[in-house]
Number of protein chains: 2
Amino acid sequence: MKALIVDDDLALSDVVSFTMRRAGFDVITAHDGRSALERWEADDPDIIILDLNLPKLDGLSVCKSIRDQGDTPIIILSVRGEEEDVVKGLELGADDYIVKPFSPRQLVARAEAVLRRAKSAPVFPGPQSAGNFVLDPARNEVCIGNGDNIQLTQLESRLLEVLMLNCGQVLTSVSIIDSVWGSNGGDRVMLKQLVYRLRRKIEINPSEPVHLITISGVGYAFEA
Amino acid sequence: MKALIVDDDLALSDVVSFTMRRAGFDVITAHDGRSALERWEADDPDIIILDLNLPKLDGLSVCKSIRDQGDTPIIILSVRGEEEDVVKGLELGADDYIVKPFSPRQLVARAEAVLRRAKSAPVFPGPQSAGNFVLDPARNEVCIGNGDNIQLTQLESRLLEVLMLNCGQVLTSVSIIDSVWGSNGGDRVMLKQLVYRLRRKIEINPSEPVHLITISGVGYAFEA
DNA sequence: CAGGTGGGTCACAAGTTGGTAACAGGCTCA
DNA sequence: TGAGCCTGTTACCAACTTGTGACCCACCTG
């Protein structure tokens, strides 16, 4: 496993490098945005630890460039007070963030978690399965366990597909709405309705859902 | 939105074109592999509907060429019995497939789904751990030791996240307020209230806190 | 001792969120 | 044309979240 560490603070960069090496990573470093991109292209790392404050080319731009050209996992380093930039980074496709000061062990733990997540989520069209759910998006049908097929509507099928593609993860209402209706299509009320209708088809007891879980104030998650 | 439709069966191609046009797409057509590539380079479509059986240059080769040079979404049209080719196509980077015969509406739905999927959902940060506390900021849940999960509100979860990220360190009230409510959001009274509420959930004896410690005149600290 | 300050506790109200239900327009298909 | 389904819309209700004011106690200081 190769890690690219990008930080202009040399002291910190050294600490991080040491920790990651001890955790079994090969480490490459860069100290400004432009050389970060060069190292990324040249050495093809498995994960990138990226500080946002960088000379020559700021962290967000680096993040965007890398996301435009590939899907190497990225963890953002930020200092307190940069919350907005962190959010921007996550929206640009970063995989996680960690706030300085942090314990080295924390960083390693997050890095390994991100790598695990990256490997386990190959996005593939066609029939989706998660747990004992098998969804055929082409026919809008879902089969639960070894039971009968359940006929869904198109919207129900899309909703379930999005959730199953991100099985176990929490999706915000907004991102679900984007995925189901497109970026300027639906609203929360329509999603609420759709969830209600889907639950009546796939949950044994729709009023106590065990698969299509509500995360209050955030969104929904699918559990197999 | 521009769609490039590639099929040597003129009748089918016409039906597909008509449907896509009615769905609001601009449509370009090609009837063999070589001209498909030419049209792709010349017109830069947003999505490609690609039949696999093509004269001059077969569909898989077209698929490969396009993937080598760009990332335009591709939907493969196949007839039953060509499953192996479909799999090859998906491995080459096609985004979805649809089996003939299909209803026009289905095709449009899949096309829109693929386009939506192209800009995918934002990802949530992973769990935080400190001592025997494990916090899932996405679900607003915390697990203490091997006990049950405790459901938090959004604000409680943010507060705990900030404190856990700086485990063992003292944070001033002001910096906590900034992190939880944003730079011009909260005041000390709201923080006081929030601490009180969080303590009732995570402390065994809320009136003698051992984790969420008060540093009088300064702020708070989290101890694992 | 009186008064001020910081913090903990409690109760309440407004606002928000999510689940449920019923209905209407539009589309498909016979 | 008419039946039936899908989807969006509105409405209502219950539960929860959050901000606010009030009150208390402990401590410090003059």
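Computed from heavy atoms alone, side chains included, the values below leave out hydrogens, waters and symmetry copies. First the proteins, then the strands, lettered A, B, ... as listed; each starts at 1. Worth saying up front: this structure is predicted, and the values here are computed from it rather than measured.
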Annotated protein contacts, base or backbone, on nucleotides 15-30 of chain D with a non-hydrogen cut-off under 4.0 Å, one of B, S, - each: --SBBBB---------
Whole-Å gap separating P (C:dG7) and CD1 (B:Ile177): 10 Å
Gap between atoms CD1 and C1', on A:Ile213 and C:dG18 respectively (whole Å): 14 Å
Atom-pair distance (CZ on A:Arg188; C1' on C:dT16), nearest Å: 11 Å
Flag for B:Arg158-B:Gln154: side-chain donor and acceptor within less than 3.5 Å: no
Gap between atoms CZ and P, on B:Arg200 and C:dG8 respectively (whole Å): 14 Å
Atom-pair distance (CG on B:Asn140; P on C:dG18), nearest Å: 12 Å
Nucleotide C:dA22, atom P - distance to OH of A:Tyr196 in whole Å: 8 Å
Contact under 4.0 Å: B:Thr214 side-chain N or O vs C:dG8 OP1/OP2: yes
What side-chain donor-acceptor pairs closer than 3.5 Å can you find for residues 208-224 of chain B, not counting sequence neighbours?
| from | atom 1 | to | atom 2 | distance (Å) |
| --- | --- | --- | --- | --- |
| B:Thr214 | OG1 | B:Arg199 | NH2 | 2.7 |

Any A:Tyr220 side-chain N or O less than 4.0 Å from OP1/OP2 of C:dT17: no
Test log, rule side-chain contact (heavy atoms from CB on, under 4.5 Å), inputs A:Leu60 and A:Leu52: CA-CA 6 Å; A:Leu60 286 180; A:Leu52 286 186; 4.1 Å; yes
Polar side chain donor-acceptor pair, B:Ser13 to B:Asp7, under 3.5 angstrom: no
Within residues 134-153 of chain A or reaching into it, pairs that qualify as ring pair (Phe, Tyr, Trp, His ring centres under 6.0 Å) - sequence neighbours excluded: none
Sugar-phosphate, base or nothing in reach of A:Gly217, heavy atoms under 4.0 Å: sugar-phosphate
Residue that, paired with B:Glu156, satisfies side chain to side chain donor-acceptor pair (under 3.5 Å) out of B:Lys201, B:Gln151, B:Arg200, B:Arg197: B:Lys201
Sole residue of B:Leu165, B:Ile150, B:Val142, B:Val180 in side-chain contact (heavy atoms from CB on, under 4.5 Å) with B:Leu160: B:Val142
Atom-to-atom span, CZ of B:Arg199 to P of C:dT9 - whole angstrom: 7 Å
Length of the line joining A:Glu208:CD and C:dT20:P, which is rounded to integer Å: 10 Å
